[in-house]
Colleague: 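Take this structure, written in structure tokens, and hold onto it; I'll ask about it next.
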Amino acid sequence: MKEQLADILDQVLRRNPGEREFHQAVREVFESLEPVLRKNPQYVDAAVLERLCEPERQIIFRVPWVDDEGRVRINRGFRVEYNSALGPFKGGLRFHPSVYLGIVKFLGFEQVFKNSLTGMPIGGGKGGSDFDPRGRSQGEVMRFCQSFMTELYRHLGEHTDVPAGDIGVGGREIGYLFGQYKRITNRWEAGVLTGKGLSWGGSLVRTEATGYGTVLFAERMLGTRGQSFDGRRVVVSGAGNVAQYAIQKAQQLGGHVVGCSDSTGYVLDERGIDLPLLQQVREAERLPVSVYAERRGATFVPGRRVWEVGAEVALPCATQNELDEDDAAALVRSGVLAVSEGANMPTTPAAVALLTEAGVLFAPGKAANAGGVATSALEMQQNASRDAWTFDYTEQRLAGIMHGIHDRCLATADEYGQPGSYVAGANIAGFTKVADAMLALGVV
Ligand code: NDP
Ligand code: 2IT
């Protein structure tokens, strides 16, 4: 079985040259699957793995737009419709200059297993563009979003493919995208996008859901050792949507959050992060975290990673491969108890190995950050029934889903002889549900 897996991986690497992040994501899942394939040879016979590594559809398109100076600009748009065995393609859009096919495919691949773990009827997909929203005016962002949707709309639909936000795509961008979809199709089709505003079909708790879920997962994990967030020193990377609400929930649970960051460096604020100020700087004014440090009288350390300040709970909530072996070693030296991934694939494989060997509780993103997409599915459910739930009820649903994922990861890891490995549990539980559906649906 080991050789068979190695052969399939080899093929994936050869068929997708240069897509480093995609290779990393596939390799990481394959490392958990040997016992599953041994127990379930039908997956091998039906080439489930080979099919899972080939997206159902990959769309790449030109996005022309005009900047404020009247210059024509061209970006590249992507939507990878990865797997629809469990439901319509579902997953975010990322606008960041680093976006290329390998990033979108890694995110789409991860999304398939994550969405499966939520237990909701959603397949996996991801999209985005190499457009850089930083420094762009409101008008430029609107025109870009309109042009992006002018191509993408033909591939979407509430039963077909349902995007949401990710890095560089928040409520503002979802609004412009929804407006253009509505105009082109002449349909007020709420279920075609999630992360919508509350007055036009959005769900309470969706904004908070990813960060909240990451912390709820970590709290449950700490609970298995009789520990909690209460009184713990916490550091968070990033200062965007996921980071902000991870900070809020960690603080609600009694955590002392002393650090956060962005692509320019990190803030150390021993008094504890002042979230309203951080949100004023990042959301309202769209400025870097150095401005927060300045106004707050906290320390700003340019060009370095926040992990060096040490913590008992570390929450990577910025981007892929942002916590490496050296960072992990620094965290272990500082006595870290748990790492819960709010971002997608933020911890490098060597760092995961180091943390695991040191006995640190480690929650992989496809489990720990699934609260965002799970609440997107709750938004779709409310849209389908033309209903709007209360904050408390929706948060209860989110908490139930996160606890369910946590417990299923542990039970699956036990069943497959790797007790305590959330990585193995998430990969295997995520995989088997999709694989069973693919078997049932035949070779399609
Ligand atoms: P935002 O755009 O709101 O925030 C992103 C944050 O990460 C910013 O602080 C940004 O800093 C920082 N960042 C982005 N790219 C880099 C980089 N290359 N190097 C260093 N810092 C970087 O995005 P989100 O908070 O929505 O997303 C954060 C992570 O969470 C991503 O990995 C995303 O895939 C994942 N995620 C998001 C979900 C959601 O619902 N939004 C759901 C599940 C996972 P700067 O502004 O300086 O670029
Ligand atoms: O990575 C993710 O799960 C997201 N960016 C959220 C996707 C969604 O459809 O809500």
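Here, residue 1 is the first one in the sequence, and each next residue gets the next number. As the structure is a prediction and not an experimental result, all values here were calculated from the model. Whatever order the structure lists ligands and atoms in, that order sets their numbers, starting from 1.
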Colleague: Is there a polar contact, in the sense of an N or O pair closer than 3.5 Å, between Asn241 and ligand 1?
Modeller: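 Between Asn241 and ligand 1, an N or O pair is found under 3.5 Å apart.
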Colleague: Do Glu379 and Thr194 meet the criterion of a side-chain donor-acceptor pair at a distance under 3.5 Å?
Modeller: no
Colleague: Any nitrogen or oxygen of Asn369, main chain or side chain, under 3.5 Å from a nitrogen or oxygen of ligand 1?
Modeller: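 Between Asn369 and ligand 1 (N or O atoms, distance only) the closest approach is not under 3.5 Å.
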Colleague: List every atom of ligand 1 that sits less than 4.0 Å from any heavy atom of Ala239, numbering the atoms from 1 in the order shown and giving each element.
Modeller: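 Numbered from 1, ligand 1 contributes 9 (O).
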Colleague: Judging by distance only, is a nitrogen or oxygen of Gly372 under 3.5 angstrom from one on ligand 1?
Modeller: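 By distance alone, the answer is no.
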Colleague: Could you list which atoms of ligand 1 come closer than 4.0 Å to a heavy atom of Arg94?
Modeller: 31 (C), 32 (O), 33 (C), 34 (O)
Colleague: Quick one: does Thr264 get an N or O within less than 3.5 Å of an N or O on ligand 1?
Modeller: no
Colleague: Do any N/O atoms on Ala243 end up under 3.5 angstrom from N/O atoms on ligand 1?
Modeller: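 No - when backbone and side-chain N and O of Ala243 are compared with those of ligand 1, no distance drops under 3.5 Å.
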Colleague: With respect to atom 6 (C) of ligand 1, which of Gly240, Gly195, Gly371 exhibits the smallest heavy-atom separation?
Modeller: Gly240
Colleague: The test is ring-ring contact (aromatic ring centres under 6.0 Å, His included); show your working for Phe144 and Tyr176 and say whether it passes.
Modeller: CA-CA 9 Å; Phe144 176 81; Tyr176 295 146; over 10 Å; no
Colleague: Does ligand 1 come near enough to Leu107 that some N or O of the ligand is less than 3.5 Å from an N or O of the residue?
Modeller: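 Such a contact does not occur with ligand 1.
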Colleague: For Glu110, which part has a heavy atom under 4.0 Å from ligand 2: side chain, backbone, both, or neither?
Modeller: neither
Colleague: Say whether Asn369, considering both its backbone and side-chain N or O atoms, lies within less than 3.5 Å of an N or O atom on ligand 2.
Modeller: no
Colleague: In the protein, what heavy atom is nearest to atom 6 (C) of ligand 2, and what distance, to one decimal place, separates them?
Modeller: Arg206 NH2, 3.5 Å
Colleague: What about Arg206: any of its N or O atoms under 3.5 Å from an N or O on ligand 1?
Modeller: yes
